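First the structure, which I've put down as C-alpha cells, then a few questions once you've had a look.
If you're wondering where the values come from, they're calculated on a predicted model, not measured in any experiment. Residue numbers run from 1 in the order of the sequence given.
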Amino acid sequence: MAKILDKQRYKCAMSAMQTVQAIDRAIPVLHSGPGCAQKLSSSSGSSGYFSPNIYPCTSINEKDVVFGGVKKLESTIRHSLEVIDADLYVVLTGCIPEIVGDNTEEVVEGFRDARKPVIYASTAGFKGNNYKGHEQVIDSIIDQLLEPSDIRVKGLVNIWADVPYQNEFWHGNFRALEELIKKLGLVPNIIFGYNRGLSSVKKIPAAEFNLLISPWVGLGNMKKMEQKLKIPFLHYPTLPIGAFETSKFLRTVGEYAGVPKEKVEAIIEEQEAYYYYYIERYADLFLETRVMSKQFTVVSDAHYALGITKFLVNDLGLFPAKQFVVDDTPREYREAVSSYFKDLNYGIEAGVSFETDGFKIHNEIKSHDYHGYPLILGGYWEKEVAKQTNGHFLNVSWPVNERLIMNSFYVGYDGGLKLIEDIYSVAKTRFN
C-alpha cells in the first residue's frame with residue numbers, strides 16, 4: 001500500500017547544487033529536466049553571484065528520453081564555459097538522464113583540457129537525499145580534482161561540518177569553528193563561504209589532517225581522502241555548542257594536533273571565564289522555574305539534534321524527552337549516532353527516534369508528558385505542535401520560515417550564549 005510521508009525534512013540528492021553554490025565562484029551545470037533548480041532552492045540566502053535562476057541546465061524533455069541527452073549536455077557545458085565567468089563547473093545529473101543511461105562521465109571527460117576545471121557528480125534523486133548528494137559532490141572533488149601532495153603545511157587543518165544551506169547557520173558556524181581552530185595556533189582551511197573557493201579546494205591535499213565535525217555526514221569522504229590523499233582525519237561527532245562541549249572540543253583537537261596542553265588550558269580558562277560571566281549575570285532568570293520548560297525535544301538532523309541536546313543537558317541542566325533525527329540517517333550509522341545521545345552528563349541518556357514522517361513525530365510529542373511547558377526546537381512545522389501542546393518553540397532547523405539567518409551561529413562559547421538568548425526570548429513571552 002502506498003505510504004504518504006508528511007513534512008519531509010530533506011530534498012533529493014540534486015540539492016547538492018547548494019553545496020556547489022557554497023564554494024565561491026563554483027557553479028552547478030544541471031543535466032536534468034526544467035524546473036529542478038527552482039524547486040530545490042527553497043533555503044534563504046541562495047541568491048548572489050550565481051543563483052538557481054541562472055544555473056545552466058540541459059532542460060531535457062521527451063525527445064531526449066528517447067534519443068539520449070548527451071549532445072545537449074556537451075553543448076550546455078561548452079556554452080557555460082564561454083558565457084559564465086566561474087572558477088569551477090560541476091555537472092550534476094538528475095533522475096531522467098541516469099534512468100535512460102546518459103554517459104555523463106564520458107561527456108565531462110571531453111572537457112579535461114578546458115580553461116577551467118569541469119567535474120561531475122551523480123545526484124539522481126532516487127539515489128538518496130541532499131545529505132548524500134553533498135557527500136557525492138565532495139567525493140567528486142576528491143576523485144576528479146585532487147591529487148596526493150608531497151607537501152604538508154604545518155598546522156593546516158581542513159574543516160568539514162555543516163551541509164551548506166540545509167543548515168541555514170552554516171556560514172556563521174564555519175566562521176566560528178575557524179576562530180576556535182585559530183585560537184589553538186592552527187591554520188583552518190574551509191572550502192565553503194565568503195572569500196573561499198577553488199584556492200581553498202587546492203589546499204586540501206597539503207593539510208596535516210581533516211577535522212570532521214558531524215555525527216555521520218562526511219565520514220565516507222574522510223575515508224576516501226585518507227586512502228587517496230593520505231590525509232588522516234579526526235572525527236568529532238558533536239557540534240560544539242556552549243562551554244562544556246566547546247572546551248571538550250578544544251582539548252580533543254589540541255591533543256590530536258600536538259598543541260601543548262598548558263596552551264589549550266589557558267585558552268579554555270579565558271573563554272570559560274568570559275562565558276560564565278554572562279551566565280552569572282542572568283542566573284536569576286535561569287533559576288526561574290515557573291516558566292522555563294523542564295523537558296525538551298529537538299526535531300532536526302543528527303548534526304543539530306545531537307549538538308543542541310548535549311548543550312541543553314550539559315550547560316542548562318534541562319532533561320531530554322525523545323529526540324527526533326529527521327535526516328534519514330543510513331542504517332549503518334544509527335547505532336553509533338544513538339550512542340552519542342547516551343554520552344551526557346549526570347548519567348542522563350536521551351532516547352532517539354530516526355523518523356522522517358512529521359505526522360508520527362507530532363503525534364509522539366503530543367502524547368508525551370513534559371511535566372509543564374514543552375520546549376520544542378525544530379523546523380517551522382513544529383510551530384503547529386508547539387501551539388497544540390502550549391509549548392515554547394524555536395525554529396532552528398530546516399525549514400526555517402520563522403526568522404532570517406544571515407551570519408548568526410550557535411557554535412562555540414558565543415554560540416551557546418546566542419542559543420540561550422533565543423530560547424529565553426521565547427520563554428520570557430509568558431511573562432507578558
Side-chain angles (χ1 to χ4, degrees), residues 9-11 15-24 26 41-46 129-138 141 157-181 188-194 196-197 200-201 204 210-222 233-242 245-246 249 253 298-311 325-329 333 337 340 377-379 395-400 403 405-412 414-416 418-419:
R9 313 307 174 103
Y10 48 78
K11 293 165 278 187
S15 287
M17 65 186 191
Q18 295 183 316
T19 298
V20 178
Q21 187 184 31
I23 303 172
D24 198 23
S41 61
S42 56
S43 298
S44 298
S46 61
N129 61 22
N130 52 321
Y131 295 95
K132 298 301 290 183
H134 168 81
E135 290 187 320
Q136 190 60 46
V137 167
I138 303 304
I141 290 173
V157 182
N158 299 320
I159 301 177
W160 310 90
D162 301 66
V163 175
Y165 294 100
Q166 178 68 13
N167 172 15
E168 294 199 16
F169 293 89
W170 68 274
H171 202 293
N173 282 348
F174 272 123
R175 192 179 71 251
L177 288 167
E178 186 177 54
E179 292 303 314
L180 288 172
I181 295 302
N189 182 46
I190 298 171
I191 70 172
F192 304 115
Y194 171 70
R196 305 296 184 266
S200 296
V201 171
I204 290 173
N210 282 311
L211 172 59
L212 175 65
I213 305 156
S214 165
W216 69 270
V217 177
L219 263 174
N221 302 138
M222 299 302 105
F233 70 93
L234 171 61
H235 179 208
Y236 196 89
T238 306
L239 188 71
I241 303 174
E245 196 64 39
T246 305
F249 170 77
V253 177
V298 183
V299 183
S300 183
D301 56 21
H303 187 64
Y304 251 48
L306 178 61
I308 292 175
T309 295
K310 285 201 168 188
F311 169 74
V325 174
V326 295
D327 56 16
D328 199 20
T329 304
Y333 295 123
V337 172
Y340 302 146
L377 303 97
N395 192 182
V396 297
S397 60
W398 194 88
V400 180
R403 57 199 296 195
I405 300 163
M406 294 181 70
N407 65 349
S408 291
F409 58 91
Y410 285 152
V411 163
D414 280 323
K418 170 62 177 170
L419 182 50

Which atom of E135 lies closest to which atom of L219, heavy atoms considered: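 Closest approach of E135 to L219, heavy atoms only: OE2-N, 3.9 Å.
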Nearest non-hydrogen partners of A16 and V137, listed with the distance: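 Reported closest heavy-atom pair: CB-CG2, 3.6 Å.
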For T238, all residues meeting side-chain contact (heavy atoms from CB on, under 4.5 Å), sequence neighbours excluded: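 Listed in chain order: Y236, E245, L306, K310.
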Spacing of L180 atom CG and I213 atom CD1 [to the nearest 0.5 Å]: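 It is 8.5 Å, given to the nearest 0.5 Å.
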N407 side chain reached by R175 side chain, heavy atoms, under 4.5 Å: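 Yes. Closest side-chain heavy atoms under 4.5 Å.
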All side-chain hydrogen bond (donor to acceptor under 3.5 Å, both in side chains) counterparts of N189, not counting sequence neighbours: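 N189 satisfies side-chain hydrogen bond (donor to acceptor under 3.5 Å, both in side chains) with N158 only.
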Partners passing side-chain hydrogen bond (donor to acceptor under 3.5 Å, both in side chains) against T246 (at least two apart in sequence or in another chain):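 If we apply the side-chain hydrogen bond (donor to acceptor under 3.5 Å, both in side chains) test to T246, skipping adjacent residues, there are no hits.
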Pairing residues for Y333 by the ring-ring contact (aromatic ring centres under 6.0 Å, His included) criterion, not counting sequence neighbours: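 By the ring-ring contact (aromatic ring centres under 6.0 Å, His included) rule, Y333 matches W216.
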Residues that E178 engages under salt bridge (Lys or Arg N to Asp or Glu O under 4.0 Å), provided they are two or more places apart: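 Listed in chain order: R196.
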Non-neighbouring partners of F174 that pass ring-ring contact (aromatic ring centres under 6.0 Å, His included), sequence neighbours left out: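 Only F192 meet the ring-ring contact (aromatic ring centres under 6.0 Å, His included) criterion with F174.
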Spacing of OG belonging to S300 relative to CG belonging to N167, to within rounding of 0.5 Å: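 Answer for the OG-CG pair, S300 versus N167, is 7.5 Å.
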From L377 atom CG to N395 atom CG, the distance as rounded to the nearest 0.5 Å: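 So the gap between those two atoms works out to 9.5 Å.
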Distance-minimising heavy-atom pair for D327 and A302: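 Shortest heavy-atom separation between D327 and A302 comes out as OD2-N, 2.9 Å.
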Euclidean distance, I159 CD1 relative to N210 CG, rounded to 0.5 Å: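 Here the interatomic distance stands at 10.5 Å.
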Results of side-chain contact (heavy atoms from CB on, under 4.5 Å) for A176 - residues two or more places apart only: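 Result, side-chain contact (heavy atoms from CB on, under 4.5 Å) vs A176: F409, V411.
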For S15, side-chain contact (heavy atoms from CB on, under 4.5 Å) partners two or more places apart: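 Applying side-chain contact (heavy atoms from CB on, under 4.5 Å) to S15 gives K11, L40, N130.
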Interatomic spacing from CD1 in I190 to NE2 in H171 - rounded to 0.5 Å: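 Going from the CD1 atom of I190 to the NE2 atom of H171 covers 9.0 Å.
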Contacts of type side-chain hydrogen bond (donor to acceptor under 3.5 Å, both in side chains), residue N221, not counting sequence neighbours: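 In terms of side-chain hydrogen bond (donor to acceptor under 3.5 Å, both in side chains), with neighbours along the sequence ignored, N221 is linked to D139.
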Sequence-distant partners of D328, salt bridge (Lys or Arg N to Asp or Glu O under 4.0 Å), two or more places apart: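 In terms of salt bridge (Lys or Arg N to Asp or Glu O under 4.0 Å), with neighbours along the sequence ignored, D328 is linked to R334.
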Any I23 side-chain heavy atom under 4.5 Å of I141 side chain: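 Side-chain contact under 4.5 Å: yes.
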S408 to K418 - nearest heavy-atom pair and separation: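 Smallest interatomic distance, heavy atoms only, reads OG-CE, 4.2 Å.
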Counterpart residues, ring-ring contact (aromatic ring centres under 6.0 Å, His included), relative to W160 (two or more places apart):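 Residues passing ring-ring contact (aromatic ring centres under 6.0 Å, His included) with W160: none at all.
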Rounded distance [0.5 Å steps], CH2 in W398 versus OH in Y10: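 It is 10.5 Å, given to the nearest 0.5 Å.
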side-chain contact (heavy atoms from CB on, under 4.5 Å) between V217 and H303, worked out: CA-CA 8 Å; V217 177; H303 187 64; over 6 Å; no
Nearest atoms (heavy-atom pairs only) where P164 meets T19: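 Smallest heavy-atom distance, with atoms named: CD-OG1, 4.3 Å.
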V163 side chain near D301 side chain, heavy-atom distance below 4.5 Å: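 The answer is no; the side chains never approach within 4.5 Å.
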V20 to A26 - nearest heavy-atom pair and separation: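 Where V20 meets A26 most closely, the heavy atoms are O-CB, 3.6 Å.
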Contacts of type side-chain hydrogen bond (donor to acceptor under 3.5 Å, both in side chains), residue Y304, not counting sequence neighbours: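 Counting only residues at least two positions away or on another chain, Y304 forms a side-chain hydrogen bond (donor to acceptor under 3.5 Å, both in side chains) with N173.
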